[in-house]
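Data block below; observations after.
Protein chains get the first letters and strands the later ones, always in sequence-line order, with residue 1 at the start of each.
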Amino acid sequence: MTRSQIVSIAEKIIEMFYHDFDEKDPFKILISTILSQRTRDENTLVASQNLFSKYPNVESLAKAKPEEIYDLIKPSGMYRQKAERIIEVSKIILEKYNGKVPSDLDELLKLPGVGRKTANIVLFQGFSIPAIAVDTHVHRISNRLGFVKTKTPEQTEEELSKVLPKRLWGPINVAMVNFGRNICLPRNPRCEKCPFSKECKYHNSAVD
DNA sequence: AAAACGGGGGC
DNA sequence: GCCCCAGTTTT
């Protein structure tokens, strides 16, 4: 598959499945992204709303005790870990970064509970900085469509960065997640609804 | 490289 | 009941 073919399909995926996010506050994006780890959107949303209704900013969260927010964030799962990390992150942001979330990959990666995927989501959504956050959806779909041939998400991030122009880095995450949730499912993809099945390596070989 | 964290929804 | 989910950290 040529580079221009890949870019063309990527642009179509974005056109069909990208939607903008209304939340632009980097701190709220950071916290809700931590809550979203290994968690469905619906549960993440409930947990975020619960949390921010009582602790609306970095100052109030930095003063909270983990036990106080267990019940608020419980719908997102792994609530003990997440509670401690969220409060620790808030303290660090407040004390070390003067209350402002850093817009720098290396600084974000130092925060507890923040790995490569979470950090890149914050960079793109919170700061409009081009970043590819390779989650299971992006990894799976990139391989199925033949954009890359990789074993790990890290390799996918690297290869995808080489192939796609920077302007697509942010939007392709969001678009592939929506595409993956609705059509290109992990186990039983709805290929009959997929606009790319004709040129899809996975669909035409039936091997993952 | 594998385990552990974890509630909720789909089947 | 079993499997999976915008992962990260610890063993």
Of all the choices, C/dG7, C/dA6, B/dG7, which nucleotide is nearest to the side chain of A/R38 once you look at every atom? C/dG7
Looking for any heavy atom pair under 4.0 Å, which part of the strands does [X] touch: base, sugar-phosphate only, or nothing?
{"X": "A/P153", "result": "nothing"}
{"X": "A/Y70", "result": "nothing"}
{"X": "A/E84", "result": "nothing"}
{"X": "A/L109", "result": "nothing"}

With no angle test and no hydrogens, is the base of B/dG6 tied to the side chain of A/T39 by a donor-acceptor pair under 3.5 Å? yes
Side chains of A/L111 and A/I34: does their closest heavy-atom pair fall under 4.5 Å? no
Measuring to OP1 and OP2 of B/dG6, would you say a side-chain N or O of A/K74 lies under 4.0 angstrom away? no
At less than 4.0 Å, is any side-chain N or O atom of A/S36 found next to OP1 or OP2 of C/dC5? Yes or no. no
Where do A/F17 and A/H19 land on the ring pair (Phe, Tyr, Trp, His ring centres under 6.0 Å) test, with the steps shown first? CA-CA 7 Å; A/F17 296 98; A/H19 66 79; over 10 Å; no
If you measure from CD on A/E84 to OH on A/Y70, what distance do you get to the nearest 0.5 Å? 6.0 Å
Over how many whole Å does the gap from A/D71 atom CG to B/dG6 atom C1' extend? 14 Å
Separation of A/R40 atom CZ from C/dC3 atom P, in whole Å? 14 Å
With nearest nucleotides of DNA chain C determined for A/V174 and A/V114 from heavy-atom distances, which residue corresponds to the more 5′ nucleotide? A/V174
Is the Lys NZ or Arg CZ of A/K28 less than 6.0 Å from the centre of A/F52's six-membered ring, within 45° of the axis? yes
Write down the distance separating the P atoms in C/dT8 and B/dG9, rounded off to the nearest Å. 24 Å
